[in-house]
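Please read all numbers here as calculations on a predicted model, not as lab measurements. Starting from 1, each residue takes its place in the sequence as its number. Counting starts at 1 for both ligands and their atoms, following the listed order. Computed from heavy atoms alone, side chains included, the values below leave out hydrogens, waters and symmetry copies.
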Amino acid sequence: MGHVSKAILAIALSIPLALATGEPEEALANGRLEQSRAIIAEFASRLQHALQSAMVEGGPAAATEICRDEAPRIASELSRQFGVNVERTSLRYRNPANMPTPWQSAVLQQFEDEAQQGEPPDRLEYLDDTGARYMKAIPTSGLCLACHGSRLAPDVEAALATSYPHDPARGYTVGEIRGAFSITWPSEDE
Ligand code: HEC
């Protein structure tokens, strides 16, 4: 493979496009960027809708099941549909199943550094130079605080305690990076 070290460049929206000039590898990466963005946009919007309607119908405590069950369901549906591996991950993951791999962890850390330097989290994305690995940061919005903020309602606490006895995915404020979407494309040379 040999691209791992070069892969650690988390980038704001405009940069990967600017890098794409002629090389076959870069052309591939360029197509992958658009496709990856489209898949994640679909994932994000379906998740947002599911979460919002569940919050309206049953309140945040009931909606914890959406984040738990619906997110992986949508992820595997999209993975099958596009022949990729779609995931959510975070440096402070609530579910150990969402633990980042080493490359994801490095990209998440890079996103954090970029955000510290003033880059808006909703613009942080990453594509490695073979186009095989894509990530997009997920900013924390007001909607998230009911379950990822500092003060959770007692029924939310109770709902979370059952499934997630050790839960570092709290204490977030609006605008922080909650985690990232990730896509792994199948390797060309396998
Ligand atoms: C109703 C409660 C609830 C709300 C609201 C909510 N989440 Fe979650 N979130 C959860 C639960 C529960 C999990 C664990 C899911 C699992 O088991 O895979 C989770 C997991 C995640 C993960 C995967 C990484 C991890 O920590 O395991 C991300 C990323 C995430 N949430 C982002 C958000 C964002 C961004 C928002 C706001 C748009 C949000 N969540 C709103 C309950 C919620």
**Prompt:** Do Y93 and L47 share a hydrophobic cluster (ILVMFWY, side-chain heavy atoms under 4.5 Å, transitive)?
**Reply:** no
**Prompt:** Are L127 and L78 in one and the same hydrophobic cluster, where Ile, Leu, Val, Met, Phe, Trp and Tyr link if side-chain heavy atoms are under 4.5 Å apart?
**Reply:** yes
**Message:** At less than 4.0 angstrom from any non-hydrogen atom of R92, what atoms of ligand 1 do you find?
**Reply:** 26 (O)
**Asked** Does T64 reach ligand 1 with a nitrogen or oxygen that is under 3.5 Å from one of the ligand's nitrogen or oxygen atoms?
**Response** no
**Request:** Please say whether more than 12 non-hydrogen atoms of neighbouring residues, nucleotides or ligands are located less than 6.0 Å from CD in Q116.
**Result:** no
**Prompt:** Are F82 and I183 connected, step by step, through hydrophobic side chains (Ile, Leu, Val, Met, Phe, Trp, Tyr) whose heavy atoms are closer than 4.5 Å?
**Reply:** yes
**Prompt:** What protein heavy atom sits nearest atom 5 (C) of ligand 1, and how far away is it?
**Reply:** L143 O, 3.4 Å
**Item:** Per-residue contact class, A61 against ligand 1 - non-hydrogen pairs under 4.0 Å
**Value:** neither
**Request:** Please check if the side chain of S105 supplies one atom and the backbone of P100 the other of a donor-acceptor pair under 3.5 Å.
**Result:** no
**Request:** Return the residue, atom name and 0.1 Å-rounded distance of the protein heavy atom closest to atom 35 (C) of ligand 1.
**Result:** I138 CG2, 3.3 Å
**Asked** A159 near ligand 1, heavy-atom distance under 4.0 Å?
**Response** no
**Asked** E65: heavy atom below 4.0 Å from ligand 1, yes or no?
**Response** no
**Message:** When you measure from the side chain of T140 to the backbone of I177, do you find a donor-acceptor pair of N or O atoms at a distance under 3.5 Å?
**Reply:** no
**Asked** Under a 4.0 Å heavy-atom limit, does A146 contact ligand 1 with its side chain, its backbone, both, or neither?
**Response** neither
**ligand 1 to Q48 polar contact by distance, N or O atoms, under 3.5 Å** = no
**Asked** Would a distance-only check, ignoring hydrogens and angles, find a side-chain to backbone donor-acceptor pair under 3.5 Å from R170 to R151?
**Response** no
**Message:** Would you say I138 ends up clustered with I39 if hydrophobic residues are merged whenever their side chains have heavy atoms under 4.5 Å apart, either directly or through other cluster members?
**Reply:** yes
**Prompt:** Who's the nearest protein heavy-atom neighbour of atom 17 (O) of ligand 1, and how far?
**Reply:** Y164 OH, 2.6 Å
**Asked** Judged by atom type as modelled, is there a donor-acceptor pair below 3.5 Å linking the side chain of R133 to the main-chain atoms of D128?
**Response** no
**Asked** Below 4.0 Å from any atom of ligand 1, is there a heavy atom belonging to A97?
**Response** no
**Prompt:** Are V84 and I40 connected in a single hydrophobic cluster, I mean Ile/Leu/Val/Met/Phe/Trp/Tyr linked by side-chain heavy atoms less than 4.5 Å apart?
**Reply:** yes
**Request:** May I ask you to identify, for N98, whether its side chain, its backbone, both or neither come under 4.0 Å of ligand 1 on a heavy-atom basis?
**Result:** side chain
**Asked** Which residue and non-hydrogen atom of the protein lie closest to atom 20 (C) of ligand 1, and at what distance in Å?
**Response** R88 NH2, 3.4 Å
**Item:** Whether S182 side chain and M135 backbone form a donor-acceptor pair below 3.5 Å
**Value:** no
**Item:** Protein N/O/S atoms closer than 2.8 Å to atom 8 (Fe) of ligand 1
**Value:** H148 NE2
**Asked** S141 heavy atoms, cut-off 4.0 Å: which ligand 1 atoms fall inside?
**Response** 38 (C)
**Message:** If the cut-off is 4.0 Å to any non-hydrogen atom of P139, which atoms of ligand 1 fall inside it?
**Reply:** 35 (C)
**Complete:** Here the pair of heavy atoms bringing P186 nearest to G83 is CD-O, 3.2 Å
**Item:** Close approach, F181 and ligand 1, non-hydrogen under 4.0 angstrom
**Value:** no
**Asked** Going by distance alone, is a donor N or O of one side chain under 3.5 Å from an acceptor N or O of the other, for W185 and T130?
**Response** no
**Item:** Main-chain N/O of R73 paired to S76 side chain as donor or acceptor, under 3.5 Å
**Value:** yes
